[in-house]
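Both counts, for ligands and for their atoms, begin at 1 and track the order of listing.
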Amino acid sequence: MQTLTPHVYWAQRHGEIYLRVELSDAQNLDISIQKNVLYFRAQGHGAKGDNEYEFSLEFLEPVKTEVTQKSTQRQVNITVQKQECSWWDRLTMQERKPLFLAPDFDRWLDESDAEMELRAKEEKINKVTIESRIPKDPFLNLKKGYLFMYNLVQFLGFSWIFVNMTVRLFILREDSFYDTFHTIADMMYFCQMLAVAEVINPALGLVKTGVIPALIQVVGRNVILFVIFGSLEDMQNKAVVFFVFYLWSIIEIFRYPYYMLACIDTQWKMLTWLRYTIWMPLYPLGVLAEAVAVIQSLAIFDETRLYSIPLPKALGQSLSFSYVLQIYLVLMFLGLFINFRHLYKQRRRRFRSKKRKAN
Ligand SMILES: CCCCCCCCCCCCC[C@@H](O)CC(=O)SCCNC(=O)CCNC(=O)[C@H](O)C(C)(C)COP(=O)(O)OP(=O)(O)OC[C@H]1O[C@@H](n2cnc3c(N)ncnc32)[C@H](O)[C@@H]1OP(=O)(O)O
């Protein structure tokens, strides 16, 4: 049988040489590297039909003697490791390229592209190494299950409040303002008592956020609900209750579903946008409505002397709780500033990381 030379295509990376030998149904492959020369011999169907084909290549720089080969129906793929990670000007020691050798344009990269590919591979390996070092949290599923159920219950609670108030608003119009408290209070008490968990969750590391913003949020709401509305019957039929409860519920019917999706590593763009956007008008409006409620309650605390602070005889009977509430009014706007800034940072971080992923 005549011995012929097959067509061989080559490409390189900083660490490897790729050879593609055009020989289909290759049999009796004999491939080896001796003294930096690759020897190839096989039978198969090549450029000159079914024959025995062979070639040898003396490499420009030292290579390792191990050869990786993979035969497919149409070709034989060979990978050779360079001794040193470097870019070669050419493949062979001889300057003139052998006639049977040509660039493999399917895998051809110039030096800079190969460097980028190498860096991308190294980064990927580093990322996997770092991730493999992070111990998997054995309680992760339990935590996510707890958070999912918490958010679901809160979503259902605030959805009931929002729908109930909306339906009554359409039916009763402004008359619905005055008995909001008696219709909604029990569900709001339930949701806001449960919301204390939102201070505990970050404190236990169950969610990645600060304790202070949650503390301000939960304390701020529960002071209004339990002290201003819950303690004073005269406050419970005021229209301000409607506005406070409505503003509270509007954000929650977006915030809690956003958290539920986060628990299952999912996000809907529109929901994320709403969660991190509608607080901008709602937060100041909510604090404003709460401030109106506090101001309206001052005279009632003066009159009823509820929660008044007993004073030493010399200083008179007692200090009206309205004085405490006047200081609280200042704290409210401080709390508004702190949480407004916090939410703005959260929004920027969220949309910045999204932009980075999209690029
Ligand atoms: C120190 C005591 C001082 C007391 C003084 C009191 C002063 C009172 C001041 C007035 C306070 C305001 C009263 C309030 O009633 C005003 C209103 O609510 S008006 C209506 C509009 N309101 C809003 O828009 C606020 C809604 N509430 C919130 O956004 C949160 O409560 C807040 C704490 C403000 C911000 O939440 P958070 O810090 O959690 O930010 P993120 O939502 O971006 O979440 C950060 C990451 O944690 C993950 N996370 C958080 N919670 C959960 C959860 N339950 N389940 C699952 N995951 C959760 C979230 O996914 C984020 O993770 P990632 O970044 O990976 O997405």
Chemist: Is it the side chain (CB and beyond), the backbone, both or neither of L282 that lies under 4.0 Å from ligand 1, heavy atoms counted?
Modeler: both

Chemist: State whether R13 and E117 are salt-bridged, where the test is any N-O pair (Lys NZ or Arg NE/NH1/NH2 against Asp/Glu carboxylate O) under 4.0 Å.
Modeler: yes

Chemist: Looking only at protein heavy atoms, which one is nearest to atom 26 (C) of ligand 1, and what is the separation?
Modeler: R255 NE, 3.7 Å

Chemist: I'd like the name of whichever of Q154, K208, E198 reaches closest to atom 47 (O) of ligand 1 through any heavy atom.
Modeler: K208

Chemist: Closer than 4.0 Å to some heavy atom of H342 - which atoms of ligand 1 meet that?
Modeler: 35 (C), 37 (P), 38 (O), 40 (O)

Chemist: Backbone or side chain, does any N or O of W279 fall under 3.5 Å from an N or O of ligand 1?
Modeler: no

Chemist: Return yes if some donor-acceptor pair links the side-chain N/O of S231 with the main-chain N/O of F226 below 3.5 Å, else return no.
Modeler: yes

Chemist: Between N151 and ligand 1, which residue portion shows a heavy-atom distance shorter than 4.0 Å: side chain, backbone, both, or neither?
Modeler: side chain

Chemist: With a cut-off of 4.0 Å, which atoms of ligand 1 are near a heavy atom of P213?
Modeler: 33 (C)

Chemist: Any idea which atoms of ligand 1 are less than 4.0 Å away from a heavy-atom of Y258?
Modeler: 66 (O)

Chemist: Indicate whether any N or O donor in one side chain lies under 3.5 Å from an N or O acceptor in the other, for S32 and Q34.
Modeler: yes

Chemist: Return the set of residues passing salt bridge (Lys or Arg N to Asp or Glu O under 4.0 Å) with R347 (not counting sequence neighbours), or none when no residue passes.
Modeler: none

Chemist: Can you tell which of Q346, R349, M332, K144 gets a heavy atom nearest to atom 64 (O) of ligand 1?
Modeler: R349

Chemist: Using heavy atoms and a threshold below 4.0 Å, how should the contact between L343 and ligand 1 be classified: side chain, backbone, both, or neither?
Modeler: side chain

Chemist: Could you say whether the N/O atoms of N339 and ligand 1 ever approach to under 3.5 Å?
Modeler: no

Chemist: Would you check if the side chain of N164 reaches a backbone N or O of T183 as a donor-acceptor pair within less than 3.5 Å?
Modeler: no

Chemist: Is atom 35 (C) of ligand 1 in close reach of the protein, with a heavy atom under 4.0 Å away?
Modeler: yes

Chemist: N/O to N/O below 3.5 Å, does that happen between Q217 and ligand 1?
Modeler: yes

Chemist: Please check whether Y150 reaches ligand 1 - meaning an N/O of the residue sits under 3.5 Å from an N/O of the ligand, judged on distance alone.
Modeler: no

Chemist: At under 4.0 Å between heavy atoms, which part of Y328 makes contact with ligand 1: side chain, backbone, both or neither?
Modeler: side chain

Chemist: Would you say ligand 1 has an N or O under 3.5 Å from any N or O of E290?
Modeler: yes

Chemist: Could K82 and W87 be counted as a cation-pi pair, given that NZ or CZ must be under 6.0 Å from the ring centre and within 45° of the axis?
Modeler: yes

Chemist: Using a distance threshold of 4.0 Å (strictly less than), state whether atom 14 (C) of ligand 1 has a protein heavy-atom neighbour.
Modeler: yes

Chemist: Salt-bridged, R20 to E22, with N to O below 4.0 Å?
Modeler: yes

Chemist: Identify, by atom number and element, the atoms of ligand 1 in contact range of G286, meaning under 4.0 Å from any of its heavy atoms.
Modeler: 19 (S)

Chemist: Heavy-atom distance to atom 61 (C) of ligand 1: which of Y246, F254, Y276 wins?
Modeler: Y276

